[in-house]
Protein chains: 2
Amino acid sequence: MASKDRILRLKEETRCNILDASLKIVKEGGWDALSMRKIADEIEYTAPIIYEYYSNKGAILLELTRKGFLLLAKDLQAAKDKHRLPAKQLEAMWLAYWNFAFAEKELYQVMYGVETSCCEMAKKMPESEMPMDLIWDVIVELMLPHVGTEEEICIKYYTFWSVIHGLISINMVNRGNTAETNHEVLKTAISGIIRSIKG
Amino acid sequence: MASKDRILRLKEETRCNILDASLKIVKEGGWDALSMRKIADEIEYTAPIIYEYYSNKGAILLELTRKGFLLLAKDLQAAKDKHRLPAKQLEAMWLAYWNFAFAEKELYQVMYGVETSCCEMAKKMPESEMPMDLIWDVIVELMLPHVGTEEEICIKYYTFWSVIHGLISINMVNRGNTAETNHEVLKTAISGIIRSIKG
DNA sequence: TTAAAAAATTTAACACTGTTAAGTAAATGA
DNA sequence: TCATTTACTTAACAGTGTTAAATTTTTTAA
């Protein structure tokens, strides 16, 4: 019976509509704005029918996560295919990774557990700059006697901070590395950057 | 009147108790478990009196954030004071930063917006390994003809990933850098790691 | 000591959240 | 046309942050 097919097609369509509606809501108002009732509103149904398509809210997030990983993989593959030399490929792929994160900000957030709201005000908190100031000073000392421009110090600082914070974040949400591997990554990264500062 | 002082002291104490109770709840059940009513339960009051001490839930989070930054700064200073050479100081400080993140995991999470719950299941999702696989292959190619051990490749991969993910996270929650600075950090980090892989 | 004023604390309520069970309307099959 | 299944909605529960009103306790003044 063809009507069965039609119904199945419609079901698949609403399943997809739910994801699209969710992403739309998140893009408009952030992850806090996402609720079952708003999704239902968007697809012109009431909340309970969403549970016919996804067992709960978490399942929707998981499906968006999956979508994100597929999209990211596609971008990485495309970036790789544009070059022949592995070094060039690698550079292009990480740049593609970077671009994906901001082009599909909301997907990246749910994929890797990056929150967004609470820390907006933390910027205005003077205490939040204390760690940076402390480390900044030591970087300057390390560069002596040829202290670079503010921009150069900034780049050093953020390179340090990025690799450490990145490794911490990855371990917190994913915690899949051994302690030895982590320390190895840490030590090589830190000493590498320190060497590059020394010249 | 000395009784005024006593009352003020008591008020300051409950203000502190609210923070302690909050942190206790979060440490026991994660950030999702934190609610005004649970805090009230913990300090043996009802929910509305919390609003006499903090204007809303966000203010409590902000105060915990502040506490976190102060504690981190203290740790960094202590690490610095243990050495004389700037290079040694810097290394010790970043290691202290690392240790703080895991010793005070909950504080670090609220300070830098690192989520924790949703991505536990994402690990089991095969799609989540596609980006890693793609990049892993290119790293191997880059190491040819002397491909290292799995551990060595892992370290390279995570160094890459950490610096990129870290820079992305920092920009998403804090977004305080210019596009040029970001690209500079990115490029120098990537080319630096690639150089170190080549030998 | 007692009455009035002030402060401290609780109860009740509102609007929201995710989720489930029961009820109702619509489409389908015989 | 009638019975059954499917589709969908309404109502409800337990929880959330937050506010206003009511109530209890404490302090002040006579």
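Worth knowing before you read on, the calculation uses all heavy atoms, side chains too, and leaves out hydrogens, waters and symmetry mates. Sequence lines set the chain letters: A, B, ... in the order given, protein chains first and strands last, and positions in each chain run from 1.
In this structure, B:L10 places its CG atom 15 Å from C1' of C:dT9, rounding to the nearest Å. Taking atom CG of residue B:L8 and atom P of nucleotide C:dA7, one finds them 13 Å apart after rounding to whole Å. If you take CD1 of A:I43 and C1' of D:dC8, they are 12 Å apart, rounded to a whole angstrom. When rounded to the nearest whole Å, the span between OH of B:Y45 and P of D:dT25 equals 14 Å. Here the P atom of nucleotide C:dA8 and the CZ atom of B:R15 are 15 Å apart, to the nearest Å. Across the protein-nucleic acid pair, A:I49 atom CD1 and C:dT20 atom P stand 15 Å apart, rounded to whole Å. Per the geometry, CD1 belonging to A:I50 stands 16 Å off P belonging to D:dA7, to the nearest Å. The separation between A:E52 atom CD and C:dT19 atom P is 14 Å, rounded to whole Å.
B:S162 places no side-chain N or O within 3.5 Å of a backbone atom of B:T159 that could act as its donor or acceptor partner.
In summary, of the residues considered (A:I18, A:I43, A:I60), a side-chain contact (heavy atoms from CB on, under 4.5 Å) with A:Y53 occurs for A:I18 alone. Tested against A:L134 for a side-chain contact (heavy atoms from CB on, under 4.5 Å), the candidates B:Q89, B:Q77, B:K74 yield a single pass: B:Q77.
Salt-bridge annotation for B:E91 and A:K187: present, with a side-chain N of the basic residue lying under 4.0 Å from a carboxylate O of the acidic one.
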Let me have a per-nucleotide readout for nucleotides 14-20 of chain D, 5' to 3', with B, S or -, counting only protein heavy atoms under 4.0 Å. --BBBB-
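Side-chain contact check for B:S169 and B:Y112: no donor-acceptor pair (N or O, by modelled atom type) lies under 3.5 Å. In this structure, a donor-acceptor pair under 3.5 Å is present between the side chains of B:Q109 and B:W31. A side-chain N or O of A:T178 and one of A:T181 form a donor-acceptor pair less than 3.5 Å apart. A:D75 and A:N99 form no side-chain donor-acceptor contact under 3.5 Å, judged by distance and modelled atom types alone.
Taking the six-membered ring where tryptophan is involved, the planes of B:Y108 and A:H165 are tilted, since the angle between them lies from 30° to 60°.
Each end of the helix from C:dT1-D:dA30 to C:dA30-D:dT1 gets its own axis, taken as the rotation carrying the C1' atoms of four end pairs onto the next four within a five-pair window, and the two axes meet at 30° to the nearest 10 degrees.
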